[in-house]
Amino acid sequence: MQVNESSLVGARDVGAEIGVIGAGYVGLTSGACFAYLGHEVVCADVDESKINLLNSGRIGIHEQGLAAKVEDGLTSNRLSFVTDPAEAVAKADFVFLCLPTPPRKDGSADLSFISSAVSEIARVMQPDTILVSKSTVPPGTSELLEQILARADVTDVAVAHNPEFLREGTAVNDFLQPDRVVIGANDQSVADKIAGLYANIPTQIVVTDTTTAETTKYVANAFLATKLSFVNSAAALCEVLGADVKDVMTALGHDRRIGAGFLKPGPGWGGSCLPKDSRALVNVAATAGYDFSLLRSALEVNEQQFDRIVAKVADRVVLEGARVALLGLAFKAETNDIRSSPSLEIAQRLIDAGAKVHAYDPAVTAEDLHEITGLVVESDAYAACARASALLIATEWNEFRQLDVERIVTLMYDHHIIDARNLLHRDLWVKHGFTYTGVGIFNSDEKLPVRVPARQARQE
Ligand code: UDX
């Protein structure tokens, strides 16, 4: 299917009425950005305290630029927040479903939030409303939603899928300057109308059927997860071969077929999406009769990566009784999200092995941590380092690059750095008497390669 240009131009002048169900990270970003683009947005969430907070202009999450967009929307009266979904959808031309699809025990996606919301709004939506799911859902869900809607006139509310590709920390930017917008609709005019909502954004729009759009989102995240497990495997290979993964990845990144992003080795990949969606896709594939063994391996390699980081610490100190300073709890920098955080996976393994783990994260507090016992959260990096034998960097916060090495030398009991993000300046720390262990790069007690200055490019 192609996007019909004339419908895009029309939408530029007329803001649509949009209802958003779910004011979580995806719903809030989408709602605030749609309002910024000139649409009238009513965002509903069952969590009354969240709605009160949002109506007072606070967002309650650490997301760059989002609070300002919410404030803009409230001030211009193009964005409002309600607790009753019926109120959000009553006048809407489009209803976006932005609800969680948490994993069940077997890894499959639990669609109960979505299906009960759709049952609730089915009778309230006006004829010709377009119901769009943004949540990541198993292929075939749009058809299921059509059945749940069960409107008297089955054709009057179209169901479409418009997956989000928002990274935490850069979600507003990703929404307003996307690499592409994917629209899954089984009717060209529906696809054109949804494309119209994005008319003010210069981007590639890929229009396809609903099942293909749903599959695209899963495959995109599975590809990123596989790429990262490949990079972490390549880092492990570099360690045994005595090669430098940083240079390997710099060289690979220049190849446009590979792409320069997502090439940094680390403590393993985490977050609210990649692990959950990868497991869900393995399950979707198996149910449909395909063994996605490559993706199963990517998940397995990720678990091994947590173990590999713990082994790096154990190579330097006897874990039983040792105090370990853990810097970073969020799954990546610029977020306070700890869902499926590699840092917590590693902390749990260290605690299980008898280590005393004292952690610090600029955005995560002790109250945020429910899932792990025995972890002490300190108020700054120096308190975490006091009397520690090893310092483990798990999240790539900029603030950790500026650590005062001289102060930390005096605070620590023993002097070992395990830098799971290759963040620190290795030579500086070694100069101050630390051993340094990175991921896929030369450790302090290995011979450094002879660095030959790069030759000038030959002038033809
Ligand atoms: C992801 C997808 O990128 C986004 O498109 C989707 O819609 C939601 O899920 P997010 O969960 O915010 O976004 O995390 P992302 O930035 O993709 O990072 C995922 C994990 O990979 C993190 O643990 C991160 O630290 C790790 N990572 C990323 C690396 O280890 N190395 C890299 O080079 C990049």
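Just so you know, ligand 1 is whichever comes first in the structure, and atom 1 is the first atom listed for that ligand. The first residue of the sequence shown is numbered 1, and numbering continues consecutively from there.
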Criterion salt bridge (Lys or Arg N to Asp or Glu O under 4.0 Å) on Glu239 and Arg308, from CA distance to verdict: CA-CA 12 Å; Glu239 285 168 13; Arg308 288 180 61 79; 2.7 Å; yes
[atom]: nearest protein contact (heavy atom, Å):
atom                    : result
atom 2 (C) of ligand 1  : Asn221 OD1, 3.6 Å
atom 4 (C) of ligand 1  : Leu166 O, 3.7 Å
atom 22 (C) of ligand 1 : Phe331 CD1, 3.6 Å
atom 17 (O) of ligand 1 : Phe262 CZ, 3.0 Å
atom 9 (O) of ligand 1  : Cys273 CB, 3.1 Å
atom 23 (O) of ligand 1 : Gly270 N, 2.9 Å
atom 3 (O) of ligand 1  : Arg167 CG, 3.4 Å
atom 1 (C) of ligand 1  : Leu274 CD1, 3.6 Å

Pick from Val26, Val439, Leu228, Asn302: the one approaching atom 26 (C) of ligand 1 most closely through a non-hydrogen atom: Leu228
Proximity winner for atom 31 (N) of ligand 1, if only heavy atoms of Lys276, Gln305, Glu334, Lys264 are counted: Lys264
Option passing side chain to side chain contact (heavy atoms under 4.5 Å, CB included) with Trp269 (candidates Pro342, Ser340, Pro275): Pro275
Identified side chain to side chain contact (heavy atoms under 4.5 Å, CB included) counterpart of Thr437 within the set Asp445, Ile417, Asn443: Asn443
[X] contact mode with ligand 1 (heavy-atom cut-off under 4.0 Å):
X      : answer
Thr136 : neither
Arg421 : side chain
Glu164 : both
Asp174 : neither

Residue list, ring-ring contact (aromatic ring centres under 6.0 Å, His included) with Phe292, at least two apart or on another chain: Tyr290
Expected output: side-chain Ser229 to main-chain Thr226 donor-acceptor under 3.5 Å: no
Backbone N/O of Phe94 and side chain of Glu17: donor-acceptor pair under 3.5 Å: no
Taking the basic N atoms (NZ, or NE/NH1/NH2) and the acidic carboxylate oxygens, is any pair closer than 4.0 Å for [X] and [Y]?
X      : Y      : value
Glu303 : Arg349 : yes
Glu396 : Arg401 : no
Asp106 : Arg279 : no

Worked check of side chain to side chain contact (heavy atoms under 4.5 Å, CB included) between Glu168 and Arg339: CA-CA 12 Å; Glu168 291 188 24; Arg339 284 175 289 175; 3.6 Å; yes
Proximal atoms of ligand 1 relative to [X] (non-hydrogen, under 4.0 Å):
X      : result
Lys217 : 7 (O)
Trp269 : 20 (C), 21 (O), 23 (O)
Leu224 : 3 (O)

Test applied, ring-ring contact (aromatic ring centres under 6.0 Å, His included); reference residue, Phe434; option that passes from His425, His415, His416: His415
Taking distance alone, with N or O pairs closer than 3.5 Å, would you say [X] contacts ligand 1?
X      : result
Lys332 : yes
Glu168 : yes
Pro342 : no

Residue pair Asp72 / Tyr36, side-chain donor-acceptor N/O under 3.5 Å: no
contact_flag Gly271 ligand 1 heavy-atom lt 4.0 Å: no
Parallel, tilted or perpendicular, as decided by the 30° and 60° cut-offs, for the rings of Phe34 and Phe96: tilted
